[in-house]
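To start, the structure itself, in structure tokens.
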Amino acid sequence: MEVLGIEASIRSDDRDENTAVKVPERMLRRDQARQEEMERRRNVKESQTVTEEKSDFFMSTFYAEKAAVEEMISNCEHVDRDKASKALEEATVKVQQLQKFLNDSIMFLTQYKIRHAQETMQQLQTSLAERREQLLPKKKFAFRSRNTSKQPAPNQEPTVKSASEVGGTVVVDASVPVYQCGFSNVDNQVLIKLAEEIQQQDVLLSHLTNCKVRLYGCPSTVHIKNVRSCEILCGPVSSSVFVDQCTDSTLVFPCQQLRTHNTTATQIYLHVTSRAIIEDCQGVRFAPFTWTYPGIQDHFKVSGLDPDRNNWTQVDDFNWLAAGTPSPNWTVIPETERMSGWDSVGPAS
């Protein structure tokens, strides 16, 4: 049987041609495959080396900056009020820059490092908020002398007028003091916060039923707890959104991180730059963020979120560890069922 191959000529040192030798084709294919595999391994190794170098650079830089912020927060205790205020503002800017650095580095970090860095950011934000409250407490509300008999008590919740009183749009009376940014214990109302009210604030929405909420601005964090049959739309959130005990609701927001607990039958229109996390949830459905309002692009810049990076389909279910099998606790909303527009509510619309 004739052996298929390629004829090769062998020459001696005096350039006289010797006997021709046929190299079997299978050997040539084997050699080519071996070279290709060596090239692939070399590329993988180089890629891993670059990734490891980037990861090492991130870790050293991130924790060095974290230590610097902690020192700034700590030193505020030993200076006067003006210096403390300036130092806390500088620390706030540092935290925002550190958050953006984390957002930009997620693509080459492991999930463990991402979660550890996110927890570190949360601790920094908490420490910053506590030190600000300790050193720069908000002034107590003082009523004006006129109409004092009609003024509500200082700790009263914001006044929410009915739709019939204001021609179909419910508004919050801004003259009433609010010591905590957000809304609590409200039913069947439209609730609005504007950018200047929530700029880099921690917002709490709790014990709401059948409410429409609009947050036009860039909060630092958002906590949503004990809500039922609500529609909550929010501008870009610099760090995390925490959802707990939410039922039959629609949530719409961009954020760096989402953690959802004890939630059922809820739709989430999401823009997230890391990975969403759910735990003890059922019937949660996801779609990409679709809300817009005047000024939202500026709020994206303030938040440090990348408007072009959205990992809304990357959801980790802590109750579902079966690798390669989709979690039954969440799904993607079909395009034909997604909301393409939202009700115009509030001055910003």
Side-chain angles (χ1 to χ4, degrees), residues 85 88-89 91-93 95-96 99 121-142 152-161 170-187 189-209 211-227 230-246 249 251-259 291 293 295-296 298-300 302-305 345-349:
S85 177
L88 288 174
E89 288 301 320
T92 300
V93 172
V95 169
Q96 293 174 350
Q99 182 68 65
M121 289 301 307
Q122 184 63 31
Q123 293 169 0
L124 280 179
Q125 291 163 355
T126 301
S127 298
L128 185 59
E130 290 176 349
R131 186 52 56 93
R132 183 182 288 111
E133 182 64 23
Q134 175 188 356
L135 301 178
L136 305 173
K138 294 181 180 179
K139 295 181 180 179
K140 293 185 177 180
F141 179 80
N155 290 329
Q156 182 176 335
E157 290 291 330
T159 300
V160 182
K161 299 180 180 180
V170 181
V171 297
V172 175
D173 186 351
S175 65
V176 179
V178 180
Y179 291 106
Q180 185 170 21
C181 189
F183 302 101
S184 298
N185 302 302
V186 182
D187 297 342
Q189 302 293 348
V190 175
L191 309 171
I192 299 169
K193 287 284 187 182
L194 303 182
E196 56 269 21
E197 299 176 272
I198 63 175
Q199 187 78 352
Q200 293 302 293
Q201 298 292 316
D202 295 326
V203 176
L204 172 64
L205 305 173
S206 68
H207 297 90
L208 307 179
T209 302
C211 291
K212 286 191 175 183
V213 182
R214 298 293 187 271
L215 304 177
Y216 297 97
C218 174
S220 175
T221 62
V222 174
H223 295 254
I224 302 172
K225 188 171 183 178
N226 292 109
V227 301
C230 290
E231 180 183 274
I232 300 173
L233 278 63
C234 180
V237 182
S238 296
S239 56
S240 301
V241 175
F242 301 93
V243 181
D244 190 18
Q245 300 182 31
C246 178
S249 296
L251 312 178
V252 185
F253 45 73
C255 61
Q256 195 274 328
Q257 179 188 29
L258 169 65
R259 292 193 174 186
W291 189 42
Y293 59 85
I296 191 172
D298 292 333
H299 295 157
F300 262 104
V302 173
S303 71
L305 300 180
V345 175
S349 61

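- Taking the six-membered ring for Trp and thresholds of 30 and 60 degrees, His223 and Phe242 have nearly parallel ring planes, at less than 30 degrees apart.
- With contacts defined as side-chain heavy-atom distances shorter than 4.5 Å, the pair Val222/Cys255 does not qualify.
- Two residues are said to be in side-chain contact when any heavy atoms from C-beta on lie closer than 4.5 Å; Ile232 and Phe253 fail this criterion.
- Once rounded to the nearest 0.5 Å, the distance linking OH of Tyr216 with CD1 of Ile296 reads 10.5 Å.
- Taking every heavy atom of both residues into account, Leu208 and Phe183 meet most closely at CD2-O, 3.9 Å.
- Summarising the geometry, atom NE2 belonging to His207 is positioned 11.0 Å from atom CG belonging to Asp187; distances are rounded to the nearest 0.5 Å.
- Within the 4.5 Å cutoff, no side-chain heavy atoms of Lys212 are placed close to those of Cys230.
- Atom OG of residue Ser184 and atom CG of residue Leu191 lie 10.0 Å apart, to the nearest 0.5 angstrom.
- In this structure, Ser303 OG and Gln96 CD are separated by 9.0 Å, a value rounded to the nearest 0.5 Å.
- In this structure a side-chain-to-backbone donor-acceptor pair under 3.5 Å is missing from Glu130 to Ser127.
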**Message:** Could you go through Leu215 and Leu205, starting from their C-alpha distance and side-chain angles, then the distance that decides it, and tell me whether this counts as side chain to side chain contact (heavy atoms under 4.5 Å, CB included)?
**Reply:** CA-CA 11 Å; Leu215 304 177; Leu205 305 173; 4.2 Å; yes
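- Considering all non-hydrogen atoms of both residues, Val237 and Thr221 come closest at CG1-CA, 3.8 Å.
- The nearest pair of heavy atoms linking Pro219 to Cys234 is CG-SG, 3.8 Å.
- In terms of heavy-atom proximity, Gly235 sits nearest to Tyr293 at CA-OH, 3.4 Å.
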**Request:** Applying side chain to side chain contact (heavy atoms under 4.5 Å, CB included), run through Ser249 and Glu231 and close with a yes or a no.
**Result:** CA-CA 6 Å; Ser249 296; Glu231 180 183 274; over 6 Å; no
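- Taking each heavy atom of Ile198 and Lys193 in turn, the nearest pair found is CG2-CB, 3.6 Å.
- No side-chain heavy atom of Asp202 sits less than 4.5 Å from a side-chain heavy atom of Gln125.
- Using a 4.5 Å heavy-atom cutoff, the side chains of Gln257 and Ser239 are not in contact.
- Atom OG1 of Thr209 sits about 9.0 Å away from atom CG of Asn226, to the nearest 0.5 Å.
- Taking all atoms of both residues into account, the shortest heavy-atom contact from Gln256 to Ser238 is CB-O, 3.7 Å.
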